[in-house]
Asks: 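My questions all concern the structure below.
Computed from heavy atoms alone, side chains included, the values below leave out hydrogens, waters and symmetry copies. Order of the sequence lines fixes the chain letters, A, B, ..., with proteins taken first and strands second; residue numbering starts at 1 for each chain.
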Amino acid sequence: MSVRTRFAPAPSGSLHVGNVRTGLFSWAFARHHGGEFILRVEDTDASRVTEQAVHGVMESLHWLGIEWDEGPDVGGPHAPYRQSQRTAVYHEQAERLVERGDAYRCYCTPEELEAQRAAALTRGVPSGYDGRCRRLTAAEQSAFGREGRPFALRFAMPDRQIVFDDLVKGEVRFAAGSLRDFVILRSDGSPTFLLAVAVDDMLMEVTHVVRGDDLLDSGPRNAAVIEALGGTPPHYAHVPQVLGRDGKPLSKRHGSTSVEAFRERGIVPEALMNYLALLGWSKDAETTFLSKEDLIESFDLSRVSSNPAAFDEKKLEWMNNHYIQRLDDDDLAARCMHFFSEEGLLPEPKTLREAMPIVKERMTTLRESVGLLRFLFTDDVEPNERAAELIAKAGTDYLRSVADALETVDPWEVSGVTEALDVAATAAGLNRREGWQPVRAAVTASNVSPPLPESLALLGKERTMTRLRAVAGQ
RNA sequence: GGUCCCAUCGUCUAGUGGCCCAGGACACCACCCUCUCAAGGUGGAGACACGGGUUCAAAUCCCGUUGGGACUACCA
């Protein structure tokens with residue numbers, strides 16, 4: 001039987017990197033085994049889900065390079081793939097559970113439940129539903145029924161020790177009674193996550209469930225429901241959570257951690273995928289760089305770490321720079337274009353592409369290309385503070401001499417520009433650092449820029465001369 | 001409180017009883033290269049949470065402690 005895995009995000013907000021990391025593992029595992037990967041939208045709590053959020057999740061996945069074989073947009077043999085559209089299926093299966101005696105009506109009101117919880121807590125006994133409605137006599141049942149008292153449907157957990165075998169955690173044992181009877185159908189008739197997930201995984205023939213270990217306790221519950229329904233539970237792999245810098249599980253309060261936010265910062269998808277793959281998994285002791293194909297080829301659930309991993313932005317940025325350096329100039333320029341237009345700049349594509357070689361090792365994100373190359377695409381250049389100091393210190397006489405030297409350069413190429421720059425500096429008794437920095441400041445308006453001769457060559461003779469003469473007071 | 005999970009450099013990790021007075025990567029420090037900033041090169045500092053066992057031998061196995069985390073909902 002071929003491997004079938006799924007990724008089932010609850011699109012209540014944006015897809016954050018902790019979630020996609022789990023999705024990535026699930027996807028990589030399926031691809032490694034030549035199996036299918038399913039995208040399923042977990043929206044039993046429909047109130048929190050918007051169309052836009054669902055769309056956003058798919059966008060993020062596409063951008064990262066994770067593609068699915070079955071899902072809400074592409075359909076598939078087990079459609080629909082949105083839980084909110086599958087309520088009839090859940091009711092049908094819930095009914096079967098009742099018939100088999102594996103689910104029962106619970107007439108406890110929220111107030112009663114709350115009181116039971118409070119009482120259990122003060123007495124120091126285990127909290128959680130005590131299963132009292134499971135023991136209701138037929139007479140009591142019909143009495144409640146006649147009252148018209150609302151009821152929820154609870155699943156009756158088998159009353160025995162449960163041994164749960166997890167692909168990442170190993171064997172996990174739960175003593176009899178420690179896993180309480182849980183609600184599968186609310187009193188308003190809506191299904192809960194615990195029912196929906198089990199039913200879907202069974203019906204969609206999922207063979208391996210890869211998800212966060214915050215759901216480890218749901219594993220045996222999901223499996224019990226599937227078994228009660230006569231199905232064979234999938235294998236489960238509960239992977240550890242991704243933590244923030246502070247060691248707490250990653251969440252909104254850690255700032256912009258959504259896939260979309262990284263994209264907007266100029267992180268390239270290759271880098272994010274590579275970084276995420278190594279968060280909680282490793283190929284071996286040495287491997288740091290993995291392409292999508294490498295990942296598929298070598299991914300293995302057995303090498304997923306069992307302890308939680310903290311997200312390290314610095315390492316992501318370092319890796320991003322690594323990938324940027326290796327992108328070809330056309331590709332890189334095309335990717336940077338978006339960030340320029342966002343700042344109201346409209347670079348000439350050819351010039352932008354020609355500038356890539358001198359900035360690629362200098363940017364850790366695509367967005368940084370804008371700051372590095374702004375001087376090329378606008379003549380509205382006001383020297384920053386450090387640049388102004390450099391210009392003032394050098395004096396107009398020196399800058400004028402540089403302008404004069406550059407005036408004779410023909411053709412306007414890197415070698416000729418370098419030579420002229422050196423001639424002017426030497427004549428003034430300055431070394432390169434002393435002689436070039438003021439020129440950099442005058443032309444790029446900054447004390448930091450890509451290599452100077454290359455920058456001037458790209459800018460062109462006319463614009464270079466104009467800026468120098470302006471600053472030199474001519 | 002109860003149940004469950006987790007514990008190697010600051011961070012991600014290698015390590016499945018001897019190859020480890022613990023290897024790699026990011027970050028950090030120093031030096032080299034150098035027109036600024038980067039990139040690159042070389043070198044350095046830096047960890048087996050603690051306490052008991054088991055064993056000829058333990059980062060690796062067992063128990064306990066401590067510390068994190070999840071669950072304990074008619075949330076997912």
Asks: Test for a donor-acceptor pair under 3.5 Å between the base of B/A25 and the side chain of A/K315, counting only N and O atoms.
Replies: yes
Asks: Taking only N and O in the side chain of A/N307, is any of them less than 4.0 Å away from OP1 or OP2 of B/U8?
Replies: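 Checking B/U8 against A/N307, a side-chain N or O does come within under 4.0 Å of OP1 or OP2.
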Asks: Do nucleotides 58-74 of chain B as a string where each nucleotide becomes B, S or -: B if the base has a protein heavy atom under 4.0 Å, S if just the sugar-phosphate does, - if no protein is that close.
Replies: -----------SSSBSB
Asks: Among the candidates B/G15, B/U11, B/A27, find the nucleotide nearest to the side-chain atoms of A/R303.
Replies: B/G15
Asks: Whole angstrom is fine here: how far is it from NE2 in A/H16 over to P in B/A76?
Replies: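 For the pair A/H16 NE2 and B/A76 P, the rounded distance is 17 Å.
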Asks: What distance, rounded to whole Å, do you find between the two C1' atoms, one in B/G41 and one in B/G15?
Replies: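 That atom pair is separated by 29 Å.
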Asks: Can you tell me how far P in B/C31 sits from the matching atom in B/C6, rounded to whole Å?
Replies: 45 Å
Asks: Just call it for A/Q325: base, sugar-phosphate, or nothing, with non-hydrogen atoms closer than 4.0 Å on any strand.
Replies: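 Sugar-phosphate, backbone atoms only, no base.
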Asks: Can you tell me how the ring of A/Y275 sits relative to the ring of A/F311, calling it parallel under 30°, perpendicular over 60° and tilted otherwise?
Replies: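 It falls in the perpendicular class, over 60°.
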Asks: In whole angstrom, what separates A/N222's CG from B/A76's C1'?
Replies: 11 Å
Asks: Applying the Watson-Crick and G-U wobble criteria at under 3.5 Å, what pairs with B/C61? Answer none if nothing qualifies.
Replies: B/G53
Asks: How close or far is atom P of B/A76 from atom CG of A/D200, stated in whole angstroms?
Replies: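 So the two atoms are 13 Å apart, to the nearest Å.
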Asks: Can you spot which of A/R154, A/R132, A/R221 makes a side chain to side chain contact (heavy atoms under 4.5 Å, CB included) with A/D181?
Replies: A/R154
Asks: Can you check the distance between B/U60 and B/G51, where both ends of the measurement are the P atom (answer in whole Å)?
Replies: 13 Å
Asks: Using whole Å, what does the distance between atom C1' of nucleotide B/A38 and atom CD of A/E368 come to?
Replies: 10 Å
Asks: Which nucleotide wins on minimum distance to the side chain of A/V172, given the candidates B/A76, B/C5, B/A7?
Replies: B/C5
Asks: Roughly how far apart, to the nearest Å, are B/U36 and B/G24 at atom C1'?
Replies: 33 Å
Asks: Using atom P in both nucleotides, what's the gap between B/G18 and B/G1 to the nearest angstrom?
Replies: 39 Å
Asks: Rounded to the nearest Å, what distance is computed from the CD1 atom of residue A/I324 to the C1' atom of nucleotide B/A38?
Replies: 12 Å
Asks: Under 4.0 Å between a Lys/Arg side-chain N and an Asp/Glu carboxylate O for A/E317 and A/R265?
Replies: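 Between A/R265 and A/E317 there is a salt bridge, with a charged N closer than 4.0 Å to a carboxylate O.
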Asks: Whole angstroms only, please: what is the CG-C1' distance between A/D284 and B/A25?
Replies: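 A/D284 atom CG is separated from B/A25 atom C1' by 12 Å.
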Asks: Atom pairs under 3.5 Å, N or O on each side, protein against nucleotides 34-37 of chain B: can you list them with distances?
Replies:
{"unit_1": "B/C35", "atom_1": "OP1", "unit_2": "A/R432", "atom_2": "NH1", "d": "2.8"}
{"unit_1": "B/C35", "atom_1": "O2", "unit_2": "A/R440", "atom_2": "NH1", "d": "3.1"}
{"unit_1": "B/C35", "atom_1": "O2", "unit_2": "A/R440", "atom_2": "NH2", "d": "2.8"}
{"unit_1": "B/C35", "atom_1": "N3", "unit_2": "A/L452", "atom_2": "N", "d": "3.3"}
{"unit_1": "B/U36", "atom_1": "OP1", "unit_2": "A/R433", "atom_2": "NH1", "d": "3.4"}
{"unit_1": "B/U36", "atom_1": "O4'", "unit_2": "A/Q437", "atom_2": "OE1", "d": "3.1"}
{"unit_1": "B/U36", "atom_1": "O2'", "unit_2": "A/N447", "atom_2": "O", "d": "3.1"}
{"unit_1": "B/U36", "atom_1": "N1", "unit_2": "A/R440", "atom_2": "NH1", "d": "3.4"}
{"unit_1": "B/U36", "atom_1": "O2", "unit_2": "A/S449", "atom_2": "N", "d": "2.8"}
{"unit_1": "B/U36", "atom_1": "O2", "unit_2": "A/S449", "atom_2": "O", "d": "2.9"}
{"unit_1": "B/U36", "atom_1": "N3", "unit_2": "A/R440", "atom_2": "NH2", "d": "3.2"}
{"unit_1": "B/U36", "atom_1": "N3", "unit_2": "A/S449", "atom_2": "O", "d": "2.5"}
{"unit_1": "B/U36", "atom_1": "O4", "unit_2": "A/P451", "atom_2": "N", "d": "3.3"}
{"unit_1": "B/C37", "atom_1": "O2", "unit_2": "A/R362", "atom_2": "NH1", "d": "3.0"}
{"unit_1": "B/C37", "atom_1": "N3", "unit_2": "A/R362", "atom_2": "NH1", "d": "2.2"}
{"unit_1": "B/C37", "atom_1": "N4", "unit_2": "A/R362", "atom_2": "NH1", "d": "3.4"}

Asks: Is it true that a side-chain atom of A/H91 and a backbone atom of A/G189 form a donor plus acceptor pair closer than 3.5 Å?
Replies: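 Yes: the side chain of A/H91 pairs with the backbone of A/G189.
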Asks: In whole Å, what is the span from the CG atom of A/L179 to the P atom of B/U3?
Replies: 13 Å
Asks: Run the side chain to side chain donor-acceptor pair (under 3.5 Å) check on A/T364 and A/N321 step by step: do they pass?
Replies: CA-CA 5 Å; A/T364 92; A/N321 171 266; over 6 Å; no
Asks: Rounded to whole angstrom units, what separation is found between the CD atom of A/E313 and the C1' atom of B/C12?
Replies: 14 Å
Asks: Go ahead and name the base partner of B/A7; Watson-Crick or wobble counts if both distances stay under 3.5 Å, otherwise write none.
Replies: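 Partner of B/A7: B/U66.
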Asks: Under 3.5 Å for both donor-acceptor distances, Watson-Crick or wobble: does B/U34 have a partner, and if so which one?
Replies: none
Asks: Got a salt bridge between A/R374 and A/E343, using NZ or NE/NH1/NH2 to carboxylate O under 4.0 Å?
Replies: yes
Asks: Among B/A27, B/A76, B/A14, which is the nearest nucleotide to the side chain of A/L194?
Replies: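 Closest nucleotide among those given: B/A76.
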Asks: Is the A/Y236 ring parallel, tilted or perpendicular to the A/H238 ring (thresholds 30°, 60°)?
Replies: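 Answer is parallel, since the angle falls under 30°.
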Asks: Taking B/G69 as the reference, what is the distance to B/C74 when you measure between their P atoms (whole Å, please)?
Replies: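 About 24 Å, rounded to a whole number of Å.
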Asks: Quote, to the nearest angstrom, the P distance that separates B/C71 from B/A59.
Replies: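 Each nucleotide's P atom is 35 Å from the other's.
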Asks: If the threshold is 4.0 Å, N to carboxylate O, is there a salt bridge linking A/D200 and A/R6?
Replies: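 Salt bridge absent between A/D200 and A/R6.
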Asks: Please tell me which of A/T287 and A/A175 maps to the more 5' nucleotide of RNA chain B, matching each residue to the nucleotide holding its nearest heavy atom.
Replies: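 Here A/A175 is the residue nearer the 5' end.
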Asks: From the set B/C26, B/A39, B/U13, return the single nucleotide nearest to any side-chain atom of A/A309.
Replies: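 Between B/C26, B/A39, B/U13, the one nearest the side chain of A/A309 would be B/U13.
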Asks: Considering only the C1' atoms, how many Å lie between B/G68 and B/C19, rounded to the nearest integer?
Replies: 33 Å
Asks: Return the nearest nucleotide to the side chain of A/D312; candidates are B/U3, B/C26, B/C12.
Replies: B/C26
Asks: Look at the aromatic rings of A/F299 and A/F29 and report parallel, tilted or perpendicular, splitting at 30° and 60°.
Replies: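 Geometry flag for A/F29 against A/F299: perpendicular rings.
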Asks: Would you check if the distance from the ring center of A/F377 to the ring center of A/F340 is below 6.0 Å?
Replies: yes
Asks: Looking across every strand, which nucleic acid part, if any, lies under 4.0 Å from A/G435 by heavy atom: base, sugar-phosphate, or nothing?
Replies: nothing
Asks: Check step by step if ring pair (Phe, Tyr, Trp, His ring centres under 6.0 Å) holds for A/W318 and A/F289.
Replies: CA-CA 12 Å; A/W318 164 79; A/F289 300 109; 5.6 Å; yes
Asks: Assess whether a salt bridge exists between A/E313 and A/K315, defined as any Lys/Arg side-chain N lying under 4.0 Å from an Asp/Glu carboxylate O.
Replies: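 The answer is no: the pair does not qualify as a salt bridge.
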Asks: I want to confirm an ordering. Mapping A/T288 and A/S218 to their closest nucleotides on RNA chain B, which one lands closer to the 5' end?
Replies: A/T288
Asks: Identify the nucleotide, in any strand shown, that forms a Watson-Crick or G-U wobble pair with B/A73, with both distances under 3.5 Å; if there is none, say none.
Replies: none
